[in-house]
Number of protein chains: 2
Amino acid sequence: MKGGAVMEPREAYPITYSILGLLAIWGPLSGYDIKRLFDHMLSSMWGAAQSQIYKELRRMREIGWVEMEREEQESRPDRKLYSITAEGLSALRKWQTQPPEVFQLRDEMLLKMLFGSFARSADLAQSLRASIAEHETRLLVYRQNTQAIAGAFPRGDKRYNPYSDENAEDPYFGLVTHFAVEFEKTYLRWLYEALELVESREKPAPSDMGES
Amino acid sequence: MKGGAVMEPREAYPITYSILGLLAIWGPLSGYDIKRLFDHMLSSMWGAAQSQIYKELRRMREIGWVEMEREEQESRPDRKLYSITAEGLSALRKWQTQPPEVFQLRDEMLLKMLFGSFARSADLAQSLRASIAEHETRLLVYRQNTQAIAGAFPRGDKRYNPYSDENAEDPYFGLVTHFAVEFEKTYLRWLYEALELVESREKPAPSDMGES
DNA sequence: CGGGACATGTAACGCGTTACATGATTAA
DNA sequence: TTAATCATGTAACGCGTTACATGTCCCG
């Protein structure tokens, strides 16, 4: 026997803390609610499949970080409402103390450009334009959100509304949104720059039919 | 039977194309070489464990995107040198044509700040300072790399040197590095801003016991 | 004489993704 | 009548990570 220390699995991951945070703010939530919050609030920073959320909630309940209460309904599956426990809150706080792990960008567009010398310029330009369109849209959405957002959740259902008045005062939301906007601006500037470079190489010989 | 269409697994992932790109540029490489290139060049955008690289190379060889030649050595395991094939190059090019998938930041620091209202300000400040230190270092490294880099690979072994003269002319490397620098600058600006916010809440009443 | 570089691998494990399943209600 | 919303789940699968294994050469 060498070490003998059997590594026990980590008990938490970013998605765990995301869910804890959402529960801490918006109180008892169902898996379905959490999925919606992910899609509306965290989509640009952390995705989560519906199936994963349900799985994770079950696991979190087993380790006592959340508790569940069943809300009975007719003609629909019962809502299972999850709340954060004291242990869960303390885990969230502890995580926030720890130094962050090494960050990796993991953006395919960067990889594509890194090996740009192998691609046809027209192909790269196409990818770049698609990327530009997407990020312009994002930027627009962020800006709309940070401004007039009363109508985002038309029913006035505060439970699902990350922009309701009670949260408007939270300076941390604004801070993170501000980063998202600054990031998109930086990224877009670069995309346009990249497109310029690519286009300048696209037609070095405008009407020249014969090549070496 | 409903659909009947059995989904066949994707045949390529970002790591696949990363390896293809590296092979396309730096010609026959061993798994060990590729690991080093990942660590030196792609560490900030795409990590890869050594075991995964070997696994992926085997898979890529099975689908004919790379070919392998054994270089015999005494007193060390033989080097297995991989090269990109015509099929591999065409797969790389095809990938570069396709519009990029939806990008997600996946940075834990952003999550921590998003739920900042639950943490002690001092804890957040600590995390932020650690993050600042790391990103300042990164920025420094990028800048050193883009300037005088002749000595990075002291042996003059061109095979491992991403900064050798023959690649210095590749404008795409410069483009991506430029983004990395701009990103770090934007991120750092935000981190300092966040730190300011957090510190302003750390001691709301310096020597003032009664307020408003 | 211990530690790093060189060089290859195997085994275990889980997060995250994709797909499938069910079924009532409401809106276009 | 078709589709979206509400609301829960299960099953399969693999990338990516962590840990372990082996053995030589070379440097301080």
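Just so it is clear, the model here is predicted, and its values are computed rather than measured.
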Whole angstrom is fine here: how far is it from CE in B:Met45 over to P in D:dG16?
14 Å

Whole angstrom is fine here: how far is it from CZ in A:Arg70 over to P in D:dA7?
14 Å

Checking all strands, does A:Glu56 fall into the base, sugar-phosphate, or nothing category for heavy-atom contacts under 4.0 angstrom?
nothing

Measure up the B:Tyr187 and A:Phe103 rings against each other and bin them: parallel (under 30°), tilted (30 to 60°), perpendicular (over 60°).
parallel

At under 4.0 Å, does any side-chain N or O of A:Arg58 touch on OP1 or OP2 of D:dT10?
yes

Can you check whether any acceptor in the base of C:dT8 is under 3.5 Å from a donor in the side chain of B:Gln50, or vice versa?
yes

A:Asp39 has an atom CG; how far is it from atom C1' of D:dA7, in whole Å?
15 Å

Let me know, please, whether A:Gln104 or B:Glu74 comes out on the 5' side of the other along DNA chain D by nearest nucleotide.
A:Gln104

Is A:Tyr54 near enough to D:dT8 that one of its side-chain N or O atoms lies under 4.0 angstrom from OP1 or OP2?
yes

Using a 4.0 Å heavy-atom cut-off across all strands, classify A:Arg59 as base, sugar-phosphate, or nothing.
nothing

Which label fits B:Phe179 and A:Phe183: parallel for a plane angle under 30°, tilted from 30 to 60°, or perpendicular past 60°?
perpendicular

When only distance counts, do a donor and an acceptor, one from the side chain of B:Ser51 and one from the base of D:dT18, lie under 3.5 Å apart?
yes

Measure from CD1 on A:Ile34 to C1' on D:dG9 and round the result to the nearest Å.
15 Å

Could you check how far CG of A:Leu37 sits from P of D:dC6, rounded to whole Å?
12 Å

Separation of C:dG16 atom C1' from A:Leu42 atom CG, nearest Å, is 15 Å

Looking only at side-chain N and O atoms, does A:Arg79 come under 4.0 Å of OP1 or OP2 in D:dA7?
yes

Using 0.5 Å steps for rounding, measure from the OG atom of A:Ser131 to the CG atom of A:Leu124.
12.0 Å

Have A:Thr97 and B:Gln126 got a donor and an acceptor in their side chains that come within less than 3.5 Å?
no

Separation between CD of A:Glu69 and CG of A:Asp78, rounded to the nearest 0.5 Å
12.0 Å

Sorted by position of nearest nucleotide on DNA chain C, 5' first, the leading residue of A:Pro77 and A:Lys55 is A:Lys55

Give a yes/no on whether any side-chain N or O of A:Lys35 is located under 4.0 angstrom from OP1 or OP2 of D:dT8.
no

Nearest-Å distance for atom pair CD1/P, residues A:Ile19 and C:dC15:
11 Å

Proximal nucleotide (of D:dC6, C:dG16, C:dT8) relative to the A:Arg76 side chain:
D:dC6

With a 4.0 Å cutoff (strictly under), does any side-chain N or O of A:Gln73 reach OP1 or OP2 of D:dC6?
no

Rounded to whole angstroms, how far apart are OH on B:Tyr32 and C1' on C:dA7?
7 Å

